[in-house]
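Just so you know, these numbers come straight off a predicted model, no measurement behind them.
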Amino acid sequence: MMALSHLAALVSLLLPCLLALLLLRLAAVLDPDSDAAVPRVKAAAPLPLRFRHDGAFKILQVADMHFGNGAATRCRDVGPDGGGALCSDLNTTRFLRRVIEAEKPDLIAFTGDNIFGGSATDAAESLLRAISPAIEYKVPWAAILGNHDQESTMTREELMTFMSLMDYSVSQVNPPGFLVHGFGNYHIGIHGSFGSELVNTSLLNLYFLDSGDREVVNGVKTYGWIKESQLTWLRATSLELQKKTHAPALAFFHIPIPEVRGLWYSGFKGQYQEGVACSSVNSGVLGTLVSMGDVKAVFLGHDHLNDFCGNLNGIWFCYGGGFGYHAYGRPHWPRRARIIYSELKKGQRSWMEVESIQTWKLLDDEKLSKIDEQVLWRHSTDDSDHSVYF
């Protein structure tokens with residue numbers, strides 16, 4: 001009797017397992033796609049982002065890809081030498097791969113109008129195709145929205161949520177603990193390199209902001225602008241960060257502020273070939289950035305034929321220049337990308353604070369020409385406002 005009771009207990013334990021195996025086998029027979037039942041886990045970027053062992057950190061800015069449906073989406077404003085009727089979104093993809101291979105960036109910043117909603121049948125599919133080279137090369141990337149991204153099948157909130165969940169993305173929908181306007185307002189800190197004394201310290205801060213799309217003011221249509229709630233978050237974040245270290249910062253948003261128009265009269269480096277398309281509302285972004293004291297440069301998109309840098313009250317404002325082939329451009333004026341290169345100061349024992357921030361542009365021509373190199377900011381040992389302290 002004892003043996004029978006043990007056998008019954010063993011059967012009662014094995015029966016659920018056998019049933020589970022049978023159900024799994026049945027599922028495999030009914031659906032031979034073994035991947036269908038496997039959860040998709042995001043491939044995460046190594047966080048926190050940090051300077052390399054050689055003391056450098058390189059950002060690739062990609063402005064205005066205007067991606068549509070891939071091979072079916074034709075190029076705009078290209079000459080016969082640019083592929084003519086055979087030119088498509090795939091030219092944009094090839095350019096992005098080319099720049100990644102040549103420059104090996106540590107971060108890619110997609111600064112809005114990543115897809116062109118009116119030409120994208122499926123927004124998610126278009127985004128996956130547009131961003132695919134970053135994922136293919138396993139490069140961390142951050143994105144913000146422009147004024148065209150939401151014109152397809154997804155809202156701005158859905159787009160930012162989707163991008164935040166994509167492989168190697170460090171994008172965020174919005175900062176925790178703050179109620180801010182828009183979607184895509186967040187901060188990323190770039191820490192010291194492994195083995196350095198500042199390995200746990202953010203030495204370069206990046207602010208990403210949603211500049212909106214279109215709005216109506218007093219019955220007149222205009223472009224969006226950065227709202228007061230966003231500036232409140234920006235000031236609070238900067239203040240908290242500067243309690244720990246006086247690290248320099250960079251800002252990224254799509255639509256330029258009204259003051260950028262005045263650079264036509266005060267000087268710039270690069271090409272100023274079209275009017276600055278900004279909002280009719282001046283929300284005080286420049287004043288906020290100046291008062292914060294940490295932002296050294298701002299990187300913009302939106303106006304594809306502008307690729308210049310100009311200084312406003314001590315802060316550089318730089319356009320990325322049109323990157324995408326489905327975006328409007330100018331025949332025989334190559335599509336282009338901007339590189340932002342930061343270097344650390346070498347101490348006696350290890351890398352220290354940021355010593356300089358430089359920028360240049362790359363053209364999608366035969367030689368991938370490098371143009372308009374310039375230093376945007378250099379650490380001054382005589383200026384206590386630029387020092388790093390603990």
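Applying the disulfide (SG to SG under 2.5 Å) rule to pairs touching residues 300-340 yields Cys309-Cys318, sequence neighbours excluded. Sorted by first and then second residue, the pairs that involve residues 44-56 and meet side-chain hydrogen bond (donor to acceptor under 3.5 Å, both in side chains), not counting sequence neighbours, are Arg52-Asp54, Arg52-Asp106.
For the residue pair Gln242/Ser238, the side-chain donor-acceptor check at 3.5 Å is satisfied. Looking at Asn282 and Glu259, their side chains do bring a donor and an acceptor atom within 3.5 Å of each other. Residues Arg214 and Tyr223 have side chains that bring a donor and an acceptor to within less than 3.5 angstrom of each other.
The CG atom of Asn174 sits 10.5 Å away from atom OH of Tyr186, with the distance rounded to the nearest 0.5 Å. Taken to the nearest 0.5 Å, the CG atom of Leu300 stands 6.0 Å off from the OH atom of Tyr319.
No side-chain donor-acceptor contact under 3.5 Å links Ser369 to the backbone of Leu363. Side chain of Asp77 to main chain of Arg330: no donor-acceptor pair is present (N/O by atom type, distance under 3.5 Å, no hydrogens or angles). Looking only at distances, a side-chain donor or acceptor of Ser171 sits under 3.5 Å from a matching main-chain atom of Ala143. Side chain of Asn306 to main chain of Gln273: a donor-acceptor pair is present (N/O by atom type, distance under 3.5 Å, no hydrogens or angles).
Within a 6.0 Å radius of NZ in Lys42, more than 12 heavy atoms belonging to other residues, nucleotides or ligands are found.
Side-chain contact between Tyr137 and Ile108 is absent, with no heavy atoms from C-beta onward closer than 4.5 Å. Leu128 is listed as a side-chain neighbour of Met166, based on a closest heavy-atom distance under 4.5 Å. Side chains of Ile59 and Leu250 form a contact here, defined as non-hydrogen atoms less than 4.5 Å apart. Between Asp89 and Arg129 there is no side-chain heavy-atom pair separated by less than 4.5 Å. Within the 4.5 Å cutoff, the side chain of Val139 has no heavy atoms near those of the Tyr168 side chain. Inter-residue side-chain proximity for Leu312 and Val298 is flagged as unmet; no heavy-atom pair is nearer than 4.5 Å.
Applying side chain to side chain donor-acceptor pair (under 3.5 Å) to Thr359 and the options Gln374, Gln61, Arg338 leaves one that passes, Arg338. Tested against Arg156, the residues Asp149, Thr161, Asp210 include a single side chain to side chain donor-acceptor pair (under 3.5 Å) partner, Asp210. If you run salt bridge (charged side-chain N to carboxylate O under 4.0 Å, His left out) between Glu103 and each of Lys58, Lys370, Arg98, only Lys58 comes through.
Using a 4.5 Å cut-off between side-chain heavy atoms of Ile, Leu, Val, Met, Phe, Trp and Tyr, Leu179 forms no hydrophobic cluster with any other residue.
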